[in-house]
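This report concerns only the one structure given below.
Ligands are counted one by one from 1 in listed order, and the atoms in each one are counted from 1 as well. For the single chain, residues carry numbers from 1 onward in sequence order.
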Amino acid sequence: MFENLSDKLQRAFKNITGKGKISEDNIQEALKEIRVALLEADVNFKVVKKFVNEVKAEALGTEVTDGLNPGQQLVKVVHEKLIEILGGRSPEIKFKGKPPYVIMMVGLQGSGKTTSSGKLARLLGEEEFNPYLVPCDVYRPAAKEQLITVAGQVEMPVFDSREIEKPLEIVRRAMKEARNIGRDVVIVDTAGRLHIDMALMDELKELKEYLEPDEILFVADAMTGQDAVTSAKAFHDALDITGVILTKMDGDARGGAALSIKKVTERPLKFIGTGEKLDAFERFHPDRMASRILG
Ligand code: GDP
């Protein structure tokens with residue numbers, strides 16, 4: 001595993017004793033450690049560069065507070081800055097207008113879209129909502145079956161789309177059914193592909209136009225690092241996503257992708273997946289992610 005950034009900074013500052021201001025001289029090595037730590041945590045290099053410059057500007061001249069040595073002081077600046085970039089507060093799902101509200105789940109195949117759809121339905125179902133799951137991947141029958149199974153496991157109703165071949169027809173009928181049976185949040189699990197392609201984007205745009213979703217959540221696999229950032233940008237450019245779900249955070253990914261995706265899309269991370277089990281899902285907390293990135 002990685003050496004804790006905090007320890008590294010202590011090392012970088014070992015020659016500076018006593019209190020005082022953080023200066024250009026004593027900060028160089030520490031900034032290098034921060035740069036390396038962020039790159040190791042898989043943060044995009046451009047994001048790292050900008051971030052380190054901002055930390056430097058903020059840290060220079062900072063009074064070293066009582067009880068903290070310059071190393072700890074700098075960790076504090078880095079931590080606060082990370083939280084700020086990650087969005088500060090834990091973001092909410094935003095519903096507008098009248099129910100049934102619609103959440104479109106989008107992302108590449110294997111990112112954890114279907115699993116996260118079920119997890120999200122479970123989580124919202126524990127609150128005041130009555131979710132309804134809609135399998136809309138018409139290219140892989142197994143994907144529809146999978147969501148139907150997951151729905152059973154989280155004990156949520158699911159629209160049976162197995163006999164319907166056109167995505168638009170599925171959502172048209174599913175919305176009608178949701179109204180009929182009084183469900184107020186419709187979660188649409190859209191098709192994924194192994195790679196981004198225009199046909200998929202066109203289909204998603206068409207669905208978006210029809211559904212006018214309250215949320216379009218891009219599901220990204222944290223273990224894929226920079227690839228997740230690239231696809232986040234492509235989906236955002238095409239669909240104007242409203243938020244991000246980062247899955248597989250139970251793996252050893254340090255979470256740098258969270259920072260990069262946030263910077264690239266300027267959309268909040270809303271949830272993280274922390275395991276294969278359907279209750280391994282939580283709201284995103286910027287402070288926890290910042291600690292994880294710092295190691
Ligand atoms: P989809 O193709 O995007 O719908 O992806 P799936 O929902 O089928 O997920 C792909 C694989 O990732 C499955 O084996 C899931 O169990 C697994 N998975 C999804 N989310 C998580 C997570 O948060 N942690 C772990 N460890 N596995 C996950």
Proximity of D250 to ligand 1 by residue part, where a heavy atom lies under 4.0 Å: side chain

Any L246 side-chain heavy atom under 4.5 Å of M249 side chain: yes

Contacts of type side-chain hydrogen bond (donor to acceptor under 3.5 Å, both in side chains), residue D287, not counting sequence neighbours: none

Cationic tip of R172 above Y210 ring, under 6.0 Å, 45° of axis: yes

Shortest protein heavy-atom distance from atom 14 (O) of ligand 1, along with the residue and atom involved: E276 OE1, 4.0 Å

Validation row, ring centre F218 to ring centre F235 under 6.0 Å: yes

Closest protein heavy atom to atom 6 (P) of ligand 1, given as residue, atom name and distance to 0.1 Å: T115 OG1, 3.5 Å

Close side-chain approach of R283 to K270, heavy-atom, < 4.5 Å: no

Protein heavy atom at shortest distance from atom 18 (N) of ligand 1: K248 CE, 3.8 Å

Any side-chain heavy-atom pair of E80 and E84 under 4.5 Å: no

Closest to atom 8 (O) of ligand 1 among K113, Q146, M105, Q109 (heavy-atom distance): Q146

Within reach of ligand 1, part of T274 (heavy-atom separation under 4.0 Å): backbone

Residue part near ligand 1, for L108, under 4.0 Å between non-hydrogen atoms: backbone

Element-labelled atoms of ligand 1 that are located less than 4.0 Å from some non-hydrogen atom of G273: 23 (O)

Under-4.0 Å heavy-atom contact with ligand 1, by part of K119 that carries it: side chain

Polar side chain donor-acceptor pair, Y139 to E203, under 3.5 angstrom: yes

Interfacing atoms of ligand 1 (cut-off 4.0 Å, heavy-atom, T114): 1 (P), 4 (O), 7 (O)

Proximity winner for atom 1 (P) of ligand 1, if only heavy atoms of A220, G110, A280, S117 are counted: G110

Of the listed options P135, S111, G112, G275, closest to atom 21 (C) of ligand 1 (non-hydrogen atoms): G275

Structural part of M249 in contact with ligand 1, heavy atom criterion under 4.0 angstrom: neither

Polar side chain donor-acceptor pair, D221 to T247, under 3.5 angstrom: no

Aromatic ring pairing F129/Y101, orientation class (parallel under 30°, perpendicular over 60°, tilted between): perpendicular

